[in-house]
Protein chains: 2
Amino acid sequence: MRKIADSTVRRLSLYLQFLEEFEGQGREAVSSSALAARGGTTSAQVRKDLSFFGSFGKRGLGYPVAELMARLRDILGLGRSYRVAIVGAGRVGGALARYEGFADRGFKVVAVYDTDPARIGTVADGRTVRDVRSLEADLGRDPVDIVIIATPASAAQVVADAALRRGTPAILNFAPVRLTVPDTAVVRNVSMALELEALSYALRNR
Amino acid sequence: MRKIADSTVRRLSLYLQFLEEFEGQGREAVSSSALAARGGTTSAQVRKDLSFFGSFGKRGLGYPVAELMARLRDILGLGRSYRVAIVGAGRVGGALARYEGFADRGFKVVAVYDTDPARIGTVADGRTVRDVRSLEADLGRDPVDIVIIATPASAAQVVADAALRRGTPAILNFAPVRLTVPDTAVVRNVSMALELEALSYALRNR
DNA sequence: GGATGTGAATGTCTTCACAGCT
DNA sequence: AGCTGTGAAGACATTCACATCC
């Protein structure tokens, strides 16, 4: 299959979100222009994005909402379930551990780790916080699909290295450092600093 | 000035981060290839990105670290200070309110809002949580540069509308909805759902 | 020698525009 | 008539490659 651009995948995700809204309004069909209007893009863009994966619409009518949602979920790989470990039980890790959006998409948080003896052993949200020193062994025994890093900057690379040694295929990094990883690994960074600086740039002349 | 691509701005932000690392290691000059190696891009890309804004390097030597950092800060608009209001004092809002990275970049959190009577009036981190109903009036009296939305999905659009009515130029949205805003407003979305779905897509065949 | 800065070439993404289906 | 699906065109971004300078 042809390589799909990251920007396209992001938009597919958005379309899925918009379709949920349309479905909530009881609509059965939606046109590429309606989707485009909701998301600030163009109808041609929507059709092109979808066309990479097949042809799901009916000419003259648009796209059947429920069916397109199912196809998008399938395309995005949301049909299976994913095992997730969260490293760092501070504010960010805690917010993540309680995030309901995980379950909706088949993401199952199987373990939470920290270094702080005061936090290790405490139970948060039905999960016992484990010592990060057992992370690598745990992953060896019981691999996960995604390790979420919510540690301070100084610990992030060490955690990433351990995860990658155990073959973890994907990392979601909230720590304010850019991880160095082989390009076989999938890494996404959520960086407050980058967001702020992008806003700062945009505001520069106001 | 020529329109600069969003991707370029994001990379400039990254370069700044890497330069901080290099400075911490006591390096005085850095080549485009060193920056590229750290960030997973190419030296030509680094030089091209910088060249949009001027020529900061010395042939044969590379870029002076401290000077380039200063230039990047300037380009990114980090020379001034920004007033920020956070709406939503839950887990995400709380984590943000305590985030130290704000101050480093001249972002000053001037107020925190919530709807929950149990939270309104409590003091967190030296700031009293205010009733969100006073947001619009407060912004009218005392505008901010950025409103950060950390509310549930259902409240986000209402908050955004209020902020925009008061002329707030930029919004950083953590709520899991896509805001509808006029395109004069600058909006950035941090969406856990999008990140997860992008990972899901990347993991599809593993 | 070593590294920048930059036109030109290449590659990728988006938009156009229209044939073709319902 | 309305709207999709898609080649072709156009816009934009990245990479190449080299003259230029320290």
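Predicted, not measured: the structure shown is a model, and the values here were computed from it. Protein chains get the first letters and strands the later ones, always in sequence-line order, with residue 1 at the start of each.
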Is there a side-chain contact between B:V132 and B:D114 (heavy atoms, below 4.5 Å)?
-> no
Classify the nucleic acid contact of B:S33 as base, sugar-phosphate or nothing, counting any heavy atom under 4.0 Å across all strands shown.
-> nothing
What is the distance, rounded to the nearest whole Å, between atom CG of B:D49 and atom P of D:dT14?
-> 7 Å
First encountered from the 5' end of DNA chain D, between A:L61 and A:S51 = A:L61
Any side-chain N or O of B:S7 less than 4.0 Å from the OP1 or OP2 oxygen of D:dA13?
-> no
Nucleotide D:dC3, atom P - distance to CZ of A:F56 in whole Å | 20 Å
d(CZ, A:R27; P, D:dC3) in whole Å | 11 Å
Presence of A:T42 side-chain N/O under 4.0 Å of C:dT15 phosphate oxygens OP1/OP2 | yes
Does the side chain of B:S55 get closer than 4.0 angstrom to OP1 or OP2 of C:dT4 through an N or O atom?
-> no
Rounded to whole Å, the CZ-P distance (A:R47 to C:dA19) equals 15 Å
Is B:R80 close enough and on-axis enough to B:Y82, meaning under 6.0 Å and within 45°, for cation-pi?
-> yes
In whole Å, what is the span from the CG atom of B:D6 to the C1' atom of D:dA13?
-> 13 Å
Enclosure of A:R133 CZ (heavy-atom neighbours >12, cutoff 6.0 Å) = no
B:R11 side chain N/O closer than 4.0 Å to the phosphate oxygens (OP1, OP2) of D:dT14?
-> yes
Over 12 non-hydrogen atoms of neighbours within 6.0 angstrom of CG in B:D125 | yes
Please report, rounded to the nearest Å, how far the P atom of D:dG7 is from the NZ atom of A:K48.
-> 7 Å
Is any side-chain heavy atom of B:L96 less than 4.5 Å from a side-chain heavy atom of B:V92?
-> yes
Is A:S43 touching bases, backbone alone, or none of the nucleic acid, heavy atoms closer than 4.0 Å?
-> nothing
Whole-Å distance, A:R59 CZ to C:dT22 P, equals 8 Å
Starting at CG of A:L50 and ending at P of C:dC13, how long is that distance when rounded to a whole Å?
-> 16 Å
Any side-chain N or O of B:Y63 less than 4.0 Å from the OP1 or OP2 oxygen of C:dG5?
-> yes
Using only side-chain N and O atoms of A:Q45, determine if any of them is under 4.0 Å from OP1 or OP2 of C:dC13.
-> no
